[in-house]
Number of protein chains: 2
Amino acid sequence: MVRAIYDGIYKDLLDRIVDGEYAYQSFIPSEAVLVKHYDCSHNTLRRALALLTQGGYVQPVHGKGVRVIYQQHDRTPFDMGGIETFKETAARNDLHSVTKVQVFENFVADETFARTSGFTAGDELVHIDRVRVLDGSALILDRNWFLASLVPGLTRGIAENSIFEYIEGTLGMAIATSKRTITAERVTSVDELFLDLDDYDFLAVVTNRTFNGDGLMFEYTQSRHRPDCFSFSTVALRNV
Amino acid sequence: MVRAIYDGIYKDLLDRIVDGEYAYQSFIPSEAVLVKHYDCSHNTLRRALALLTQGGYVQPVHGKGVRVIYQQHDRTPFDMGGIETFKETAARNDLHSVTKVQVFENFVADETFARTSGFTAGDELVHIDRVRVLDGSALILDRNWFLASLVPGLTRGIAENSIFEYIEGTLGMAIATSKRTITAERVTSVDELFLDLDDYDFLAVVTNRTFNGDGLMFEYTQSRHRPDCFSFSTVALRNV
DNA sequence: GCCGATTTGTCCGTATGTATC
DNA sequence: CGATACATACGGACAAATCGG
């Protein structure tokens with residue numbers, strides 16, 4: 001993938017912040033200096049800064065400079081903030097992961113399911129229930145419904161590996177926007193059947209509607225997590 | 001507050017989307033048309049579109065157009081996504097709200113608290129525990145720690161009303177960035193003491209570090225919610 | 001398969017406004 | 001008041017993806 005200039009500058013500045021070269025509460029060099037350093041235009045640099053701001057790494061202060069607000073402390077181990085595959089999360093935490101496919105079936109959306117999922121009644125879907133086992137414990141139950149027409153050729157074998165790798169890699173479909181809702185819910189009989197709950201009688205639930213690069217919703221997911229292995233991080237900005 | 005041009009265009013387009021004038025899955029008019037309509041520059045319009053994209057309202061498709069991906073269905077009642085005060089949330093849901101201040105005391109951060117909160121050991125803080133009562137039920141326990149030097153003149157009376165109105169209105173301090181982590185936790189003895197838990201033995205917890213317009217962290221908060229009155233919505237974009 | 005029209009994506013240079021010091 | 005630094009806006013240019021003829 002070809003990188004845009006602003007993206008390269010963003011990544012370079014981000015590295016310097018995470019590495020501590022630009023320390024927490026300090027100001028990064030001014031726009032004028034950075035424009036000269038990266039030999040780019042004012043607007044391009046500002047675009048890189050906008051990405052840092054949106055990610056909660058810096059806070060521009062009018063008339064003063066751009067202050068670093070990233071703390072080392074921000075790197076939580078089980079972060080679920082961005083769009084990341086289960087395999088990526090497991091790898092980042094150095095965990096041995098296994099995926100067990102428990103349900104793999106065709107499904108047609110009825111009125112009720114359409115209302116909760118955002119699909120249209122009559123849509124032909126593929127329903128997959130998978131259990132994520134980390135270091136021997138069944139911690140996460142992922143319940144996916146994919147729009148069959150947009151994810152053709154799905155098999156149990158792919159589901160055991162990584163569906164998102166298949167979608168992005170093999171199918172070449174871009175994953176663009178993901179709308180998420182987090183709730184806390186009591187365990188159901190399905191949860192009890194599939195997960196190692198220990199003493200927990202409740203779960204953290206991430207409900208997810210994902211759109212591809214064409215703006216078509218191709219996935220509805222419920223990801224049900226044992227609370228001790230769950231945290232979800234995000235950044236909110238006032239006035240956007 | 002003076003509105004920027006891109007902000008006005010953003011709000012106008014947003015209204016049309018939410019009102020259904022631009023329907024789900026349809027394409028909004030092209031950039032060229034909108035530039036003519038709003039009589040603004042290419043870049044200014046693109047900035048408005050960027051806001052809509054970040055909010056999960058539209059999905060630009062290269063070479064085709066900008067597709068609406070907002071569904072009426074997206075407006076969840078108890079949404080905690082943006083930066084919104086408790087009073088605003090209550091008003092939006094037409095609920096009668098009362099705030100009870102249970103703890104109001106000075107507090108100096110020690111090493112342990114500094115590590116979890118992001119403050120510095122030795123910082124002088126004001127610690128406030130408040131219970132949020134909605135339509136007669138104590139549903140939320142807010143545990144705030146404010147940096148005393150940045151929030152002077154705080155009183156119990158202000159805490160019973162709205163601290164954020166005091167901060168933004170009276171003190172004139174801008175609230176800019178809020179870093180949040182959501183978890184699900186078992187209830188503690190403090191929760192049992194203050195909240196109407198019904199049968200619930202767990203809570204949805206939002207941990208919050210808030211920075212002002214100068215990039216200084218002035219608040220650390222734990223907001224503990226009864227699960228039946230909690231949902232947190234957010235939008236994630238691939239590649240940002 | 002190619003070409004041209006349309007549409008979004010990226011980048012540049014410049015000008016002006018506004019907050020801070 | 002002037003210098004510095006961020007914020008907004010404009011106009012132009014070219015690249016890249018899509019679609020229809």
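Below, chain A is the first sequence line, B the second, and so on; all start at residue 1. Computed from a predicted model, the values in this text were never measured in an experiment. Values reported hereafter were calculated over all heavy atoms of this structure, with side chains retained and with hydrogens, waters and symmetry mates removed.
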How many Å lie between [atom1] on [X] and [atom2] on [N], as a whole number?
X: A/Q59; N: D/dA7; atom1: CD; atom2: C1'; result: 14 Å
X: B/I9; N: D/dT8; atom1: CD1; atom2: P; result: 13 Å
X: B/D7; N: D/dT8; atom1: CG; atom2: P; result: 9 Å
X: A/L45; N: D/dC6; atom1: CG; atom2: P; result: 9 Å
X: A/E31; N: D/dT8; atom1: CD; atom2: P; result: 11 Å

Would you find more than 12 non-hydrogen atoms of other residues, nucleotides or ligands less than 6.0 Å from B/E124 atom CD?
no
Has A/D39 got more than 12 heavy atoms of other residues, nucleotides or ligands less than 6.0 Å from its CG?
no
Which part of the nucleic acid does A/R47 contact within heavy-atom distance under 4.0 Å: base, sugar-phosphate only, or nothing?
sugar-phosphate
N/O donor-acceptor pairs under 3.5 Å from side chains in residues 146-155 of chain A, not counting sequence neighbours:
| residue | atom | partner | partner atom | Å |
| --- | --- | --- | --- | --- |
| A/T155 | OG1 | A/G157 | N | 3.4 |
| A/T155 | OG1 | A/I158 | N | 3.2 |

List the residues meeting salt bridge (Lys or Arg N to Asp or Glu O under 4.0 Å) with A/K64, not counting sequence neighbours, and say none if there are none.
none
Please table the atom pairs, donor to acceptor, closer than 3.5 Å between any side-chain atom in residues 105-115 of chain A and protein atoms at least two apart or in another chain.
| residue | atom | partner | partner atom | Å |
| --- | --- | --- | --- | --- |
| A/E105 | OE2 | A/H127 | ND1 | 3.2 |
| A/D110 | OD1 | A/T112 | N | 3.3 |
| A/D110 | OD1 | A/F113 | N | 2.8 |

Reading 5' to 3' through nucleotides 12-21 of chain D, protein heavy-atom contacts under 4.0 Å coded B for base, S for sugar-phosphate only, - for none:
B---BBSS--
Using the heavy-atom set of chain A and a strict 4.0 Å cut-off, write down the first and last nucleotide of DNA chain C that makes it in, 5' to 3'.
C/dT10 to C/dC21
Distance only, no hydrogens: is a donor on one side chain within 3.5 Å (strictly under) of an acceptor on the other, for A/T183 and B/S231?
no
Using the salt bridge (charged side-chain N to carboxylate O under 4.0 Å, His left out) rule, take B/D15 and B/K11 through it: C-alpha gap first, then chi angles, then the decisive distance, then the call.
CA-CA 6 Å; B/D15 283 345; B/K11 284 182 168 49; over 6 Å; no
Donor-acceptor pairs are to be reported for all side-chain atoms of residues 27-38 of chain A against protein atoms at under 3.5 Å, with residues two or more places apart or in another chain.
| residue | atom | partner | partner atom | Å |
| --- | --- | --- | --- | --- |
| A/S30 | OG | A/V33 | N | 3.4 |
| A/E31 | OE1 | A/H42 | ND1 | 3.1 |
| A/E31 | OE2 | A/R46 | NH1 | 2.6 |
| A/Y38 | OH | A/D12 | OD2 | 2.5 |

C/dC3 -> Watson-Crick or G-U wobble partner, both distances under 3.5 Å, gives D/dG20
Would you say D/dA7 has OP1 or OP2 under 4.0 Å from some side-chain N or O of A/R46?
yes
